[in-house]
Number of protein chains: 2
Amino acid sequence: MEHKFFNMDKDKQDRVINACFKEFSFNGYDLASTNNMVKEAGISKGLLFHYFPTKKELYLFLYDYAQEIFLKDFYGLIDYHEKDLIKRLKQLVKNKLIILNKYPLLFTFLEKAYYETSNEIKSEINERRLQAETYAYQLFADIALDKFRDDLNKEKAVNIIIWTITGFSNQYLNQNMINSFSEINIDKVMAELEQYLKIFIKLFYRTEE
Amino acid sequence: MEHKFFNMDKDKQDRVINACFKEFSFNGYDLASTNNMVKEAGISKGLLFHYFPTKKELYLFLYDYAQEIFLKDFYGLIDYHEKDLIKRLKQLVKNKLIILNKYPLLFTFLEKAYYETSNEIKSEINERRLQAETYAYQLFADIALDKFRDDLNKEKAVNIIIWTITGFSNQYLNQNMINSFSEINIDKVMAELEQYLKIFIKLFYRTEE
DNA sequence: ACCTCATTGACCAGTGTGGTCAATATAATT
DNA sequence: AATTATATTGACCACACTGGTCAATGAGGT
């Protein structure tokens, strides 16, 4: 049976999820305050503990929820028929932006979970991560590396491309840290990204002829 | 007169500074615990408050200390006679690594301070940052942009280079988050960085002839 | 009218907080 | 050696906030 939390009004659900993502992301498990969460989400303390009997179960519910989206809507939507690295990464960024518009702190939450040190949940997180590793990290499987120029170290070229995309994306993530979470104009961002990718295609790939 | 804290045994000084950097970096001002700081530094609670009468003064002392190092030993050591962007950035990375070996979390502390939201210190941080802006950000002044190929958007090329260097450096920073702070082998890291920079010189710069 | 379940917020014991202070160890000065 | 000054300790404090409880109320369905 599905978790009864999902019977809640959908808007309220997302308010709760985002409030909890925020509190856990910023403060980590131990220091995250359930009082802050309910205040931010606009619900009562009793209601939160009506759905999640302990802080720990709340956290693990959120982790499962985040990881499922990560695997299904982020990694899961990659088209593995596409052998071109850059096109594949472009798809990945787009997936990410779509998720960010709904859950601005989902990725931050997962990253913080990665470094989480609290003894109360460390082992549970590790279990879940191991379970997930089977799915992910196929990102670079079956990539057409022969597109790169011969005189270029392929591993380093890939790193440069990834770091560029990361740096480019972080501009929009960091914005979220300061401002309230403003909606991202996905088409506009993708168009700007495209220009960077064009540079790589031009300079890193073989000249076709 | 110098702060009496500087009369303390130098090793102990650095232990205190690094312990406080860590606690403030990980938890932010409000949630940082002075109890954890003294435990990590191996001194008594009373001694900390002997040198710094309040948590606030402790924080601002650390901020001033970090910012001074940042301006003096990071930005301040740039050779402005060097007009080549890549060489200038290389110098910057080296400065950073040297600082990181002594204060592994100095940059993390300053970055966290940038996003700090606590009302107790927000305005004080802003004052100090404004004061510092005069010095910094001359990084790109008087750079020889004509070294770039004509058919390359210079602004984007610069971003790619910076993001690459950032991504490259973060490998070593994130390592510090998990492990204890292991000494960085500066020569080795610089040699690896050099290979990335060579790629940029080859592909982004004009071919000399 | 009755049942079920969502929702509230005052309340609780317990933990950790920033900060104090009287006591002691150590060093400097006379 | 005696005195003064300073470095250092840790038990102690009032207080804020913690995760979690629970009796009461609201709302909708039968």
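Proteins get letters first, then strands, A, B, ... in listed order; numbering begins at 1 in each.
- Rounded to an integer number of Å, the gap from CD of A/E23 to C1' of D/dC17 is 12 Å.
- Whole-Å rounding puts the B/N35 CG to D/dA11 P distance at 12 Å.
- Counting all heavy atoms, side chain and backbone alike, A/F26 lies closest to A/K112 at O-NZ, 3.9 Å.
- For A/R129, the side-chain hydrogen bond (donor to acceptor under 3.5 Å, both in side chains) test picks out A/N126, with sequence neighbours left out.
- Smallest separation of non-hydrogen atoms from B/V38 and B/S44: CG1-O, 3.8 Å.
- Using cut-offs of 30° and 60° on the angle between ring planes, the pair A/F107 and A/F74 is perpendicular.
- Atoms CZ (A/F49) and C1' (D/dT18) sit 10 Å apart, rounded to a whole Å.
- Counting only residues at least two apart or on different chains, the salt bridge (charged side-chain N to carboxylate O under 4.0 Å, His left out) pairs with a member in residues 42-66 of chain A are A/K56-A/E124, A/D64-A/R128.
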Could you go over nucleotides 5-7 of chain D and give all protein N or O partners under 3.5 Å, atom names and distances?
{"residue": "D/dA7", "atom": "OP2", "partner": "B/H50", "partner atom": "NE2", "Å": "3.1"}

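- A/K45 comes within contact range of at least one nucleobase, with a heavy-atom separation under 4.0 Å.
- Pairs passing the salt bridge (charged side-chain N to carboxylate O under 4.0 Å, His left out) check and including a residue from residues 7-31 of chain B, sequence neighbours excluded, read B/K22-B/E40.
- The CZ atom of A/F5 sits 14 Å away from the C1' atom of C/dT7 (whole-angstrom rounding).
- Taking the side-chain hydrogen bond (donor to acceptor under 3.5 Å, both in side chains) definition, one finds that A/K102 meets it with nothing, sequence neighbours left out.
- OP1 and OP2 of D/dG10 both lie 4.0 Å or more from every side-chain N or O belonging to B/S44.
- Following rounding to the nearest Å, B/L31 (CG) and C/dT17 (P) show an atom-to-atom distance of 10 Å.
- Here C/dG19 presents its C1' atom at 14 Å from CD1 of B/I43, a figure rounded to the nearest Å.
- Distance A/L48 CG to C/dA10 P: 17 Å, rounded to the nearest Å.
- The heavy-atom pair separating A/I143 from A/D84 by the smallest distance is CD1-C, 4.2 Å.
- As rounded to whole Å, 15 Å separates atom P of D/dG19 from atom CD of A/E57.
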Before you tell me yes or no, could you show the steps for A/D142 and A/K83 under salt bridge (Lys or Arg N to Asp or Glu O under 4.0 Å), namely the whole-Å CA-CA distance, both residues' side-chain angles and the distance that decides it to 0.1 Å?
CA-CA 7 Å; A/D142 204 13; A/K83 309 295 185 202; 2.6 Å; yes
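- In this structure, of C/dG19, C/dT17, D/dT18, it is C/dG19 that holds the atom nearest to the side chain of B/T54.
- Axis angle, first five pairs versus last five pairs of the helix from C/dA1-D/dT30 to C/dT30-D/dA1: 10°, rounded to 10°.
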